[in-house]
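Working notes, beginning with the structure itself.
The chains referred to below are lettered A, B, ... by the order of the sequence lines, with proteins before strands, and numbering in each begins at 1.
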Amino acid sequence: MHTCLPPTDAIEEWLNCYPSFKGSYGHLLLEQKEDPPPDLAGSLVPYFESAHEDARKYFSEQIGIDLHPDSDGVQNEAELLYPRCLPVSARRGLFGEVMAGMLTEQYTYIGKHEWDVPIFLFRYHADVEKYLFDLSRNDTRTRQVFGRFGSDFLGLCLDYEGNVIRFIAGEAKWRDKLNAGTIETLMLGSWVTDRETGERARSGKGVWFEVNRDTPVPHGLRQLQRLLRERDPGGHSAAILSLDKALALRNPVPIPRTNLILIAGNDVPSRDERMSLIPWQEMPKEYTAPNDLQVVELILKDGGDLIDQIYDTLWS
DNA sequence: CAGGAATTTTCGCGCTTTGC
DNA sequence: GCAAAGCGCGAAAATTCCTG
């Protein structure tokens with residue numbers, strides 16, 4: 001289970017936060033401070049290890065190699081360590097998903113709910129398993145990792161009895177440079193040219209599209225329930241039961257939902273201080289789902305280096 | 001205003017499963 | 001057999017910015 005609490009002090013030394021709330025819309029701008037704490041990566045590592053622990057154990061069992069650095073007799077051990085061995089872009093994606101969890105537990109979002117991330121769903125990143133499998137048998141092979149389907153991240157809000165009274169489903173994105181064009185492509189989709197008229201238009205397959213197609217119960221919720229049942233059936237019995245009711249095919253009991261969009265990446269010169277990438281004053285009109293929406297922008301400097309520092313030192 | 005530097009935008013690439 | 005989906009990066013082209 002993921003039990004590590006967010007490194008509150010380090011986060012506060014690292015980021016300036018500018019929250020705002022308007023109706024059912026929450027916006028949180030997070031800017032890296034001028035002088036981030038010296039060993040920031042080190043402060044974040046325990047949380048990342050906790051977040052990846054389930055997947056690490058799971059992949060280890062599935063692949064038949066031991067992913068723990070203390071084990072011996074395995075060739076290319078260091079190369080096989082999940083998630084260190086993953087290609088750059090896959091690491092970036094993972095970073096965004098872990099940060100979605102950390103920030104959700106750290107900051108107050110729209111609705112002021114107390115969010116809990118019991119476990120991360122990385123083990124369902126099916127292509128990673130295959131990647132590790134291939135890598136463990138052929139270390140010369142390098143390739144990219146195929147993305148995982150469904151929501152990037154799920155969190156729960158539990159009542160005092162442990163019942164799930166609300167969940168938060170997040171879409172987390174990392175981009176190396178957060179300039180206007182990148183954001184527009186991210187949110188609205190890439191340019192496509194009409195074959196007949198030759199006109200260019202956004203494909204519409206962006207984050208807004210993903211968030212709006214609001215399946216009442218995301219598949220990730222089923223996966224989350226399965227993990228709870230396997231890893232902590234006693235501690236989360238009430239949560240498992242309420243997810244049962246929500247996932248029932250007949251007469252499901254709906255659980256209120258909050259949507260989260262996390263945009264993370266490096267700052268660019270064209271952005272002024274405290275200037276957000278997505279408007280905070282009003283709920284963006286592109287958002288059509290009925291649920292509460294929380295947007296978080298995490299704007300860093302040399303974020304790629306930080307990610308590499310973190311992922312290079314996990315379990316070392 | 002020219003000319004080069006800095007930045008942003010665009011386009012293509014990688015990878016695997018799924019569906020027409 | 002090919003396009004699309006999901007995760008992004010990186011090189012080249014286009015634009016903007018700055019200085020003499």
Side-chain angles (χ1 to χ4, degrees), chain A residues 51-52 55 59 62-63 82-101 120-154 169-196 198-213 215 218-220 223 260-273 275 277 297-308 310-311:
Chain A
H52 284 297
F59 289 142
Q62 297 303 311
I63 296 157
Y82 169 86
R84 195 188 305 179
C85 65
L86 296 178
V88 181
S89 69
R91 285 182 176 200
R92 303 289 189 266
L94 292 175
F95 174 81
E97 298 180 35
V98 175
M99 287 309 298
F120 284 79
L121 303 177
F122 295 129
R123 70 155 71 175
Y124 294 110
H125 199 148
D127 193 51
V128 167
E129 181 175 328
K130 189 168 186 319
Y131 181 89
L132 294 171
F133 185 89
D134 292 344
L135 191 65
S136 64
R137 282 157 183 78
N138 178 4
D139 56 55
T140 59
R141 180 165 183 193
T142 55
R143 64 173 181 84
Q144 296 301 302
V145 176
F146 187 55
R148 184 171 58 76
F149 294 103
S151 295
D152 289 336
F153 151 82
L154 279 176
E171 193 73 28
K173 299 290 179 188
W174 167 271
R175 280 298 119 99
D176 195 51
K177 292 205 181 332
L178 293 176
N179 44 42
T182 303
I183 298 299
E184 194 173 320
T185 302
L186 207 53
M187 302 307 290
L188 298 174
S190 52
W191 288 111
V192 286
T193 306
D194 190 297
R195 200 172 294 174
E196 317 239 320
E199 286 178 23
R200 250 164 44 113
R202 291 291 178 180
S203 69
K205 303 283 179 62
V207 170
W208 290 125
F209 171 78
E210 292 295 329
V211 176
N212 285 334
R213 61 169 176 192
T215 54
H219 183 225
Q223 298 176 328
L260 169 69
I261 298 174
L262 170 66
I263 310 284
N266 289 316
D267 205 359
V268 291
S270 58
R271 193 192 69 91
D272 294 329
E273 207 171 314
M275 194 174 89
L277 308 166
E297 301 175 14
L298 178 62
I299 297 175
L300 306 179
K301 297 183 181 71
D302 302 322
D305 294 344
L306 175 66
I307 297 173
D308 288 335
I310 292 172
Y311 278 94

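Spacing between atom CD of A:Glu184 and atom P of B:dT8 amounts to 15 Å, rounded to whole angstrom units. Between the CD atom of A:Glu171 and the C1' atom of C:dC7 there is a distance of 11 Å, rounded to whole Å. Per the geometry, CH2 belonging to A:Trp191 stands 18 Å off P belonging to B:dT8, to the nearest Å. Rounding to whole angstrom units, CD1 of residue A:Ile307 and C1' of C:dC9 are separated by 13 Å. If you measure from atom CG of A:Asn266 to atom P of C:dG8, you get 14 Å, rounded to the nearest angstrom. The distance from atom CG of A:Leu86 to atom C1' of B:dG14 is 15 Å, rounded to the nearest whole Å. What separates OH of A:Tyr311 from P of C:dG8 is a distance of 11 Å, to the nearest Å. Rounded to whole angstrom, the span from the CZ atom of A:Arg271 across to the P atom of C:dT16 amounts to 21 Å.
A:Asp176 and A:Arg92 are not joined by a salt bridge, as no carboxylate oxygen comes within less than 4.0 angstrom of a charged side-chain nitrogen.
Counting heavy atoms from C-beta outward, A:Leu262 and A:Leu298 have side chains that approach closer than 4.5 Å.
In this structure, the side-chain contact (heavy atoms from CB on, under 4.5 Å) partners of A:Ser270, at least two apart in sequence or on a different chain, are A:Val268. Evaluation of the salt bridge (charged side-chain N to carboxylate O under 4.0 Å, His left out) rule for A:Arg202 yields A:Glu184 as partners, not counting sequence neighbours.
Between A:Trp174 and A:Phe95, the angle of the ring planes goes over 60°, which puts this pair in the perpendicular group of the 30/60° scheme.
In this structure, A:His52 has its ring center at least 6.0 angstrom away from the ring center of A:Phe120.
Summarising the geometry, atom CE belonging to A:Met99 is positioned 8.0 Å from atom CG belonging to A:Leu306; distances are rounded to the nearest 0.5 Å.
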Polar pairs (N or O, both sides) under 3.5 Å between protein and nucleotides 2-4 of chain C?
none

Could you list the protein-to-nucleotides 3-7 of chain B atom pairs, N/O on both sides, closer than 3.5 Å?
none

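Between A:Gly303 and A:Asn266 the shortest heavy-atom distance is N-OD1, 2.6 Å.
At a non-hydrogen distance threshold of 4.0 Å, A:Ala172, A:Lys173, A:Trp174, A:Arg175, A:Asp176 from residues 172-180 of chain A come into contact with DNA chain C.
Using five terminal pairs a side, the axes of the helix from B:dC1-C:dG20 to B:dC20-C:dG1 at its two ends make an angle of 50°, given in steps of 10 degrees.
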